[in-house]
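In what follows, a structure is listed as structure tokens, so that the remarks can point back to it.
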Amino acid sequence: MNKKHYLTFALALAMAGTAHAESTPDWGDKISEKEFLEAAKRSFYLNDPKEFDRLLDETLEVCNATKNRPNAEQTKAILAREQKSIVYPKDGKLFGDWKKGQKVVEEAHGGRIGYPGFADADNPKHPNGANCYACHAIDPNFPQAGNMGPPLTNYGKLRPKNDAMVKYTYDKVYNSKATNPCSLMPRYGGPKHLLTPEQVADVVAFLLDPESPVNNPPVNAK
Amino acid sequence: MKTTTKRLVFGISLLAGALTAPQVLASDDKFAAYREALAGDNPGEFWIDDGKKLFFEKRGPKKASLEQCDFGLGPGVLKGAYAQLPRYFQDTRKVETLEGRILTCMEKLQGIKPEEAVKMTYLNAAEEDSRPDDLTKIATYIAAQSNGMKFAVQPRNAQEQHALELGKKMFWRRQGAMDLACADCHANTKGKQLRGVDLPDMTDIKTAGKVMTAFPAYVLKDSNVRGQWWRNERCVLAMRLPWLKLGSEIDAALTLYMLNFASQSEEKIQVPGIKPRA
């Protein structure tokens with residue numbers, strides 16, 4: 001059971017009485033998946049029919065259907081499938097260059113689909129970023145941070161320095177759903193998402209390298 | 001309006017500030033200060049004047065004005081029209097937002113194709129290229145005719161009920177390259193921030209009221225007025241979903257879903273609103 005989502009769910013239940021007339025949270029359950037996807041076909045502009053795949057995902061389908069509370073069997077199936085999807089760098093190194101990782105963590109470019117006549121689509125020549133600060137406090141020198149995820153400042157300092165930790169961190173960033181079936185955190189690796197295996201390895205170094213600013217916060221940082 | 005140049009210069013200097021010092025500007029306090037500074041002097045007011053001109057001007061292949069457009073209260077009735085949109089229209093058999101309905105009328109009355117009308121609302125993700133467009137000007141003019149009124153968007157028929165349910169589904173469904181739902185960032189988000197920005201809970205009646213009664217809003221970050229569709233689209237882009245068509249079923253459904261919460265609040269429509277980012 002995913003504790004975080006369970007809490008969110010409990011909160012949603014508690015608030016349902018005020019926010020919605022219904023007594024249980026309703027995620028638009030009256031509209032079937034089929035009906036939704038038909039409406040979506042009419043509502044989204046597709047440059048390429050493949051772009052529609054962004055609305056389809058086996059794992060999220062279960063998370064949506066169970067309101068982020070998959071049962072034991074569903075959980076097992078998700079974890080197995082997502083774990084299997086993880087790809088490691090060709091050279092086998094899960095620990096890359098923290099300076100490169102720093103850029104990946106800060107930048108937000110990538111994965112946006114445009115519309116003809118709009119110059120909005122991301123330029124595929126520009127490497128993607130992950131915008132981790134959207135949800136996490138990481139390097140305390142960075143001026144903005146979100147709090148949807150746990151703070152990662154001192155991440156490496158507070159954790160054992162061993163291969164298991166490197167692999168855990170790599171897997172978490174590459175595919176958060178491999179350890180937490182309906183994690184709020186986006187999956188970053190794989191063709192449907194933003195980062196290459198090498199970029200994930202660089203992010204791992206940014207979090208774990210003793211030289212990285214993540215593990216060397218200024219003395220008077222909060 | 002004789003202070004035109006002064007106001008525009010102010011707007012431009014704000015934009016320049018936003019581009020050179022994003023970190024400083026990202027703090028909520030700084031934005032509150034700008035909002036106050038501009039409260040009595042909202043550049044968005046120009047969109048009302050421009051929109052009025054465009055509304056009455058004979059335009060398009062059919063050389064007609066939009067005066068005969070029916071926004072739900074009868075042809076040409078603008079007072080209170082925005083407060084009851086989106087609604088179901090018999091003639092198109094669609095639930096339409098204000099912007100969607102303007103598109104319908106531009107096509108029917110003036111012969112202007114929707115693709116022409118929405119061409120340049122949003123040019124790039126960096127927003128440096130954002131520029132004013134006619135559709136938003138017309139929408140701002142019409143919306144302002146409901147100033148001082150409360151939203152009254154409650155489903156009145158099966159089609160509107162369906163739109164509410166579809167909007168709810170779109171809002172709660174996790175999807176896109178980021179595995180996110182609107183609800184992940186906008187439901188039960190008290191105390192939650194995204195990259196230093198407070199996340200408004202759109203299922204909270206009071207918050208929804210405050211947010212929605214201000215659109216179309218003058219957005220300082222863009223030096224431009226932004227309407228309902230664009231607000232949906234900006235977050236759809238953040239979710240890395242495909243492009244949401246203006247006035248589409250899901251655009252109307254999402255807008256109706258959020259306005260249904262706003263309609264239960266005491267907040268009154270006051271447009272153009274003024275917002276730091278949005």
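The figures that follow rest on heavy atoms only: side chains count, while hydrogens, waters and symmetry mates do not. All figures in this text were calculated on a predicted structure; none of them were measured in a lab. Every chain is numbered from 1 and lettered A, B, ... according to where its sequence line falls, protein lines coming before strand lines.
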> At a heavy-atom separation under 4.5 Å, does A:Asn131 approach chain B through its side chain, its backbone, both, or neither?
Replying inline: both

>> Given heavy-atom pairs under 4.5 angstrom as the criterion, report whether the side chain, backbone, both or neither of A:Leu46 touches chain B.
In response: side chain

> Do B:Leu180 and A:Leu184 come within less than 4.5 Å of each other through their side chains, counting heavy atoms only?
Replying inline: yes

>> A side-chain contact here means heavy atoms from C-beta on lying under 4.5 Å apart; do B:Met178 and A:Leu194 qualify?
In response: yes

>> I want to know whether B:Trp243 and A:Tyr45 have ring centres closer than 6.0 Å.
In response: no

>> Between A:Gly111, A:Ala134, A:Gly146, A:Cys135, who has the most heavy-atom pairs with chain B when the cutoff is under 4.5 Å?
In response: A:Ala134

> Is the closest side-chain heavy-atom distance between B:Leu194 and A:Met148 below 4.5 Å?
Replying inline: yes

>> With a 4.5 angstrom heavy-atom cut-off, is it the side chain or the backbone of A:Ala39 that approaches chain B, or both, or neither?
In response: both

> What part of A:Glu61 lies closer than 4.5 angstrom to a heavy atom of chain B: side chain, backbone, both or neither?
Replying inline: neither

> Counting heavy atoms not belonging to A:Lys192, are there more than 12 under 6.0 Å from its NZ?
Replying inline: yes

> Taking the side chain from B:Lys169 and the backbone from A:Ile31, do they hold a donor-acceptor pair closer than 3.5 Å?
Replying inline: yes

> Relative to chain B, which segment of A:His109 carries a heavy atom at a distance below 4.5 Å: side chain, backbone, both, or neither?
Replying inline: backbone

> Does the distance from a Lys or Arg side-chain N to an Asp or Glu carboxylate O, for A:Asp29 and B:Lys168, drop under 4.0 Å?
Replying inline: no

> Can you tell which of B:Ser248, B:Pro242, B:Gly247 has the highest number of heavy-atom pairs within less than 4.5 Å of chain A?
Replying inline: B:Pro242

>> Quick check: do B:Lys245 and A:Ser43 have side-chain heavy atoms less than 4.5 Å from each other?
In response: no

> Does a sphere of radius 6.0 Å around NZ in A:Lys100 hold more than 12 heavy atoms from other residues, nucleotides or ligands, not counting ones at 6.0 Å or beyond?
Replying inline: no

> Judged by atom type as modelled, is there a donor-acceptor pair below 3.5 Å linking the side chain of A:Asn147 to the main-chain atoms of B:Gly191?
Replying inline: yes

> Would you call B:Arg173-A:Glu33 a salt bridge at under 4.0 Å N-O?
Replying inline: yes

> Between the side chain of A:Arg54 and the main-chain N/O of B:Arg240, is any donor-acceptor distance below 3.5 Å?
Replying inline: yes

>> Heavy-atom cut-off 4.5 Å, strictly under: side chain, backbone, both or neither for B:Met239 against chain A?
In response: neither

> Looking only at heavy atoms, what is the nearest atom pair of A:Lys177 and B:Arg174, with distance?
Replying inline: NZ-NH2, 3.8 Å

>> Using a 4.5 angstrom heavy-atom cutoff, name the option from A:Ala137, A:Ala145, A:Cys132, A:Ala108 with the most pairs to chain B.
In response: A:Ala145

> For A:Phe52, does the CZ atom sit with more than 12 other heavy atoms under 6.0 Å from it, leaving out its own atoms?
Replying inline: yes

> Between B:Leu164, B:Thr189, B:Leu241, which shows the greatest number of heavy-atom pairs under 4.5 Å with chain A?
Replying inline: B:Leu241

> With a 4.5 Å heavy-atom cut-off, do A:Phe36 and B:Gln175 have their side chains touching?
Replying inline: yes

>> Taking side chain as everything from C-beta outward and backbone as N, CA, C, O, which of these in A:Ala40 sits under 4.5 Å from a heavy atom of chain B? Side chain, backbone, both or neither.
In response: both

